[in-house]
J.: 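Have a look at the structure that comes next, please.
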Amino acid sequence: MFTHYVEDVSGWEKWQQKYRYGVFLLLPSEPLMTQANAIREQYDKLSAMACDAHISLTIPSPSPYFRYIGRS
């Protein structure tokens, strides 16, 4: 199975472009996610609008993931 990545990211915000190939996130279960999202909405509306509460397990991938598992 191969993932198809977006080719044209020119319409994306600059910060979004580095996430083109993905990132691994840990999302909390309920009710913790709802509680954390409420706090984020109060103190960091911009981040809250971009993504639910999470813990980033990796940095954004600089290239497609299949390169890391021996496929080209």
Side-chain angles (χ1 to χ4, degrees):
M1 178 177 100
F2 290 95
T3 300
H4 298 281
Y5 296 99
V6 175
E7 294 294 325
D8 181 13
V9 295
S10 61
W12 293 12
E13 298 283 337
K14 183 74 171 166
W15 69 268
Q16 293 172 320
Q17 292 178 9
K18 67 181 177 177
Y19 290 91
R20 174 183 178 192
Y21 298 115
V23 64
F24 284 103
L25 304 176
L26 177 64
L27 301 172
S29 58
E30 293 296 345
L32 182 57
M33 181 178 280
T34 299
Q35 295 166 345
N37 282 339
I39 294 169
R40 293 176 78 234
E41 176 68 28
Q42 182 177 359
Y43 293 103
D44 189 1
K45 289 182 187 281
L46 188 59
S47 292
M49 289 176 8
C51 184
D52 281 332
H54 64 277
I55 297 170
S56 300
L57 299 177
T58 65
I59 62 170
S61 177
S63 63
Y65 279 103
F66 61 79
R67 290 190 182 168
Y68 300 113
I69 57 173
R71 297 182 187 151
S72 55

J.: Do V23 and W15 share a hydrophobic cluster, counting only Ile, Leu, Val, Met, Phe, Trp and Tyr and linking them when any side-chain heavy atoms are less than 4.5 Å apart?
T.: yes

J.: Please report the shortest heavy-atom distance between C51 and L25, naming the atom on each side.
T.: SG-CD1, 4.0 Å

J.: I need the minimum non-hydrogen distance between E7 and R20, along with the two atoms involved.
T.: CA-NH2, 3.6 Å

J.: Can you confirm whether more than 12 heavy atoms, excluding those of I55, are under 6.0 Å from its CD1 atom?
T.: no

J.: Applying salt bridge (charged side-chain N to carboxylate O under 4.0 Å, His left out), name anything that partners K14, two or more places apart in sequence or on another chain.
T.: none

J.: Check for a donor-acceptor pair, side chain of Q17 on one end and backbone N or O of V9 on the other, with a separation under 3.5 Å.
T.: yes

J.: Which heavy atom in F24 sits nearest to a heavy atom in T58, and how many Å separate them?
T.: N-OG1, 3.0 Å

J.: Could you pull out all residues at least two apart from I59 that satisfy side-chain contact (heavy atoms from CB on, under 4.5 Å)?
T.: none

J.: Provide the full list of side chain to side chain donor-acceptor pair (under 3.5 Å) pairs with a residue in residues 25-40, sequence neighbours left out, each pair given once.
T.: E30-T34, N37-D52

J.: Search all heavy atoms of P28 against all heavy atoms of L32 and return the closest pair with its distance.
T.: CB-CD2, 3.9 Å

J.: If we only count heavy atoms from C-beta on, is the M33 to L27 side-chain gap below 4.5 Å?
T.: yes

J.: On a heavy-atom basis, which atom in S61 and which in Y21 lie closest, and how many Å separate them?
T.: O-CB, 3.6 Å

